[in-house]
Amino acid sequence: MATLTDPNPATRAGGIGARVTRVDGPAKVTGTADYPSDVTVKRPLYAYFHTSSIALGRIETIDEQEARALPGVVDILTWRNTAGMLDTVPPSKGGSTSIPVLQSADIHHDGEIVAVILAEDYETARDASHRLRVAYSARTPTATFGSTGLGPEVQKDGPRFKNSNVGNAAAALQSAAVKIEQHYATPTQHHNAIELFTTTAQWQGDELTIYEPSQFLVGSQNTIATALRIDPAKVRIISKYVGGAFGAKGMTTSRTGLIALAARKLGRPVKMVATRDQGFTIATYRAETRQLVRLGASRDGKFTALVHEGDEVSSRMDSYKVGGTETTARMYAIPNVASKVTVQHADRNTPGFMRAPAEVPYMFALESAIDELAIALQMDPVELRRINDAQVEPIEKRRYSSRSLVQCYDAAAKAFGWDHRRARPMSMRDGDWQIGWGCATACYPSMIAPSFARVSLSDTHAKVEVAGHEIGTGAYTIYAQTAAQMLGLPVDKVEVVMGDSRLPPAPVAGGSNNAASISNAIAMACMRIREQLASAAVNDPKSPLHRRDMASVQLVDGQLRAATGPGEPLAAAVARAGGGVEAMVGNQPRNLPPEALAGLRKGRLMMTGGSMAEDFVKYAFGAEFVEVRVHRLTREVRVSRMVGAFAAGTIINPITARSQLMGGMIWGISSALHEATEIDHRNARYTNDNLAEYLIPVNADVPKVDVLFVAETDREVNPLGIKGIGELGCVGTAAAVCNAIFNATGVRIRELPVRIEKLL
Ligand code: MOS
């Protein structure tokens with residue numbers, strides 16, 4: 001596949017690396033982009049969820065009389081008429097939780113679905129929900145750390161998670177010249193995408209169509225089939241656009257099977273849009289963590305030992321854990337590492353992926369600890385990271401496929417003006433505002449998964465078809481660019497069709513893998529097309545390419561041509577092939593078992609990369625620099641400036657990539673200063689489950705954010721050299737903010753988010 005990385009200069013405008021504005025931009029700004037809940041179906045019923053007001057116990061009675069008497073109410077599903085009709089699909093099989101829905105009288109967490117009201121209109125369904133009388137017998141639930149009754153994890157380390165250990169960390173810490181030992185904590189967070197959780201289900205005979213925002217169409221198709229015990233071939237999921245996902249729309253929640261079941265029972269399409277607060281309990285979230293970091297170094301700043309232990313919270317029935325120590329253990333050249341992650345079970349809904357699930361909380365702790373150690377060593381924190389940079393990770397001693405972290409620090413430090421930093425806290429001031437500077441490392445594993453893609457070429461128009469996902473990242477655009485590059489066409493001659501599970505299967509839009517997985521599959525399909533056209537041309541006496549070496553034939557600038565000599569217009573080459581050429585490929589990444597590609601058709605999630613890859617460890621890197629201003633009297637904190645430099649292999653589109661990384665850094669500000677789901681410990685209930693009280697940054701919170709790219713070529717990650725950028729930008733930001741706050745105030749915040757009262 002060496003030719004994949006060959007420059008194709010004639011098509012640079014619109015090809016890989018070109019600054020192409022979003023191809024779906026006009027549809028989005030004119031309101032013609034059809035998001036799943038915009039779809040109209042004939043004679044729908046509207047569903048409204050009634051959710052539990054207790055977190056632990058049993059439903060004793062359900063009085064439906066008043067609700068059913070309301071004109072327009074058609075049916076009410078409860079456990080009494082639904083038990084046994086729906087299988088629970090656990091996270092290991094593509095579901096989002098092992099907690100069954102409407103299958104018994106048991107209540108496992110606050111806000112669990114206990115009834116589905118079906119009515120002729122939404123308002124009636126909601127009204128009926130308030131007229132439903134559910135009597136519970138409640139027990140005292142366990143909310144989180146610090147509550148009694150937490151069940152510790154029975155050892156459940158799957159193949160995906162290993163505690164990373166090397167050397168003798170305890171002994172090395174004992175003899176370390178300089179060391180720090182600190183506890184860090186990160187809060188519960190909910191994705192809070194603008195688009196709510198929504199499902200519309202429609203049956204035609206025994207065929208089911210679901211309109212639902214999805215990060216994993218093929219996974220969802222199979223999961224819903226499993227839940228309903230039907231043939232996956234009978235299930236079709238449509239999701240052309242997704243209005244924010246961030247991990248919440250990757251695993252299929254139980255609501256989808258429930259809505260499909262209601263539609264089948266009542267013989268009408270059913271539409272459901274959950275409320276904002278319901279989204280906090282009927283889907284996944286980022287669980288809180290508590291972490292311990294012990295970090296030791298010699299006098300000259302060489303790290304000698306790291307202990308990193310994490311505690312996470314999960315539901316009673318699932319051991320979901322993010323386990324970021326796989327990353328932190330390998331991030332620097334540390335000869336002695338001991339790490340451990342434990343899950344504790346509480347009466348909560350099951351957590352799940354949320355943007356950079358592992359790296360966001362765990363790199364916060366590590367990158368804060370490194371700053372604390374730099375202060376103890378009286379050393380510049382950039383210099384400390386530089387002298388401990390690892391081109392070979394310490395645990396299994398594998399090389400990084402490429403690692404440009406130091407180059408990122410150099411670029412970002414220069415742009416930020418780090419040279420002018422004053423290390424002593426409270427030494428920079430502007431009137432009543434204390435100014436502080438801080439930095440931290442961003443990193444994210446470079447993942448790849450199997451993917452199919454179909455490309456067809458007719459005349460001079462290409463069509464790319466793949467069951468991919470536009471979650472706001474620019475997916476339509478970068479896949480068009482990839483095909484444009486490989487086929488020698490302008491980007492506006494390429495149409496990308498996605499968002500339908502009937503298209504060639506693509507992996508989950510998670511783990512920042514899709515650009516690598518899908519673009520490489522598209523590139524392979526384009527190469528097949530080129531081969532077909534080239535083979536016909538070299539065998540045609542009437543072609544100027546007759547008898548040329550087939551391998552030298554390229555598609556460039558609307559022409560089929562060899563390295564030298566005349567070419568022929570693409571239209572002529574396509575006409576020779578009967579007016580159209582098509583290639584359907586399945587890309588099976590190396591390092592994955594051979595059944596991975598076939599497994600994808602069945603909705604299985606297989607990915608490799610990061611610390612999981614066998615040959616190299618594969619990560620994208622960045623360095624983030626932050627300036628904060630803290631008011632001397634009110635302790636108000638403002639991020640006033642931010643610079644991030646990133647190296648992530650091939651950047652398909654610098655415009656959409658910049659948006660991704662900038663968005664990530666803004667999310668990082670949010671993690672540092674705004675976001676937390678508050679939990680009432682008495683009743684294990686989320687108390688700020690709305691956008692008025694769940695704080696996210698607004699424009700006034702977001703300063704000048706500069707994104708720089710550090711050029712990087714990685715020939716190991718995949719043929720196109722793509723490392724992925726979806727999650728990279730938000731890693732390390734919270735540490736950089738807290739490091740800057742320390743520089744401004746001398747106060748170290750180890751528990752996120754930073755709140756005014758913590759700075760008093
Ligand atoms: Mo991401 S949390 O892998 O959607």
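The structure displayed is predicted, hence computed values, not measured ones. Indexing begins at 1, ligand by ligand and atom by atom, following the structure's order.
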Checklist entry - Taking N or O atoms only and a 3.5 Å limit, does Ala356 qualify as a polar contact for ligand 1? => result no

Checklist entry - NZ of Lys93: more than 12 outside heavy atoms within 6.0 angstrom? => result no

Checklist entry - Do other residues, nucleotides or ligands put more than 12 heavy atoms under 6.0 Å from Arg658 CZ? => result no

Item to check | Ligand-residue contact atoms, ligand 1 with Pro357, heavy atoms, under 4.0 Å | outcome: 2 (S)

Item to check | Trace of the ring-ring contact (aromatic ring centres under 6.0 Å, His included) decision for Tyr686 with Tyr694 | outcome: CA-CA 10 Å; Tyr686 305 129; Tyr694 185 94; 10.0 Å; no

Item to check | Numbered atoms and elements of ligand 1 in range of Ala509, under 4.0 angstrom, heavy atoms | outcome: 4 (O)

Item to check | Output field: ring centroids Tyr241/Tyr476 closer than 6.0 Å | outcome: yes

Item to check | Thr199 versus Arg255, side-chain donor and acceptor atoms under 3.5 Å | outcome: yes

Checklist outcome for this item: the protein heavy atom lying closest to atom 3 (O) of ligand 1 turns out to be Gly511 N, 2.5 Å

Item to check | Geometric N/O contact Gln215 with ligand 1, under 3.5 angstrom | outcome: yes

Checklist entry - Counting from 1, what ligand 1 atoms have a heavy atom of Arg355 closer than 4.0 Å? => result 2 (S)

Checklist entry - Is NZ or CZ of Arg290 both nearer than 6.0 Å to the six-membered ring centre of Tyr184 and within 45° of the ring axis? => result no

Checklist entry - Touching ligand 1 at all, Ala245? Heavy atoms, strictly under 4.0 Å? => result no

Checklist outcome for this item: From the list Phe246, Tyr285, Phe197, ring-ring contact (aromatic ring centres under 6.0 Å, His included) partner of His190 resolves to Tyr285

Checklist entry - Which atoms from ligand 1 have a heavy atom of Glu727 less than 4.0 Å away? => result 1 (Mo), 2 (S), 3 (O)

Item to check | Gly247-ligand 1 polar pair, N/O distance under 3.5 Å | outcome: yes

Item to check | Proximal ligand 1 atoms for Phe246, defined as those under 4.0 Å from one of its heavy atoms | outcome: 2 (S), 4 (O)

Checklist entry - Lys249: heavy atom below 4.0 Å from ligand 1, yes or no? => result no

Next on the checklist: Is the ring pair Tyr362/His308 parallel, tilted or perpendicular, if the boundaries are 30 and 60 degrees?
Outcome noted: tilted

Checklist entry - Judged by non-hydrogen atoms, does Gly250 sit under 4.0 Å from ligand 1? => result no

Next on the checklist: Below 3.5 Å, N or O to N or O, backbone or side chain included: is there any such pair between Ser512 and ligand 1?
Outcome noted: no

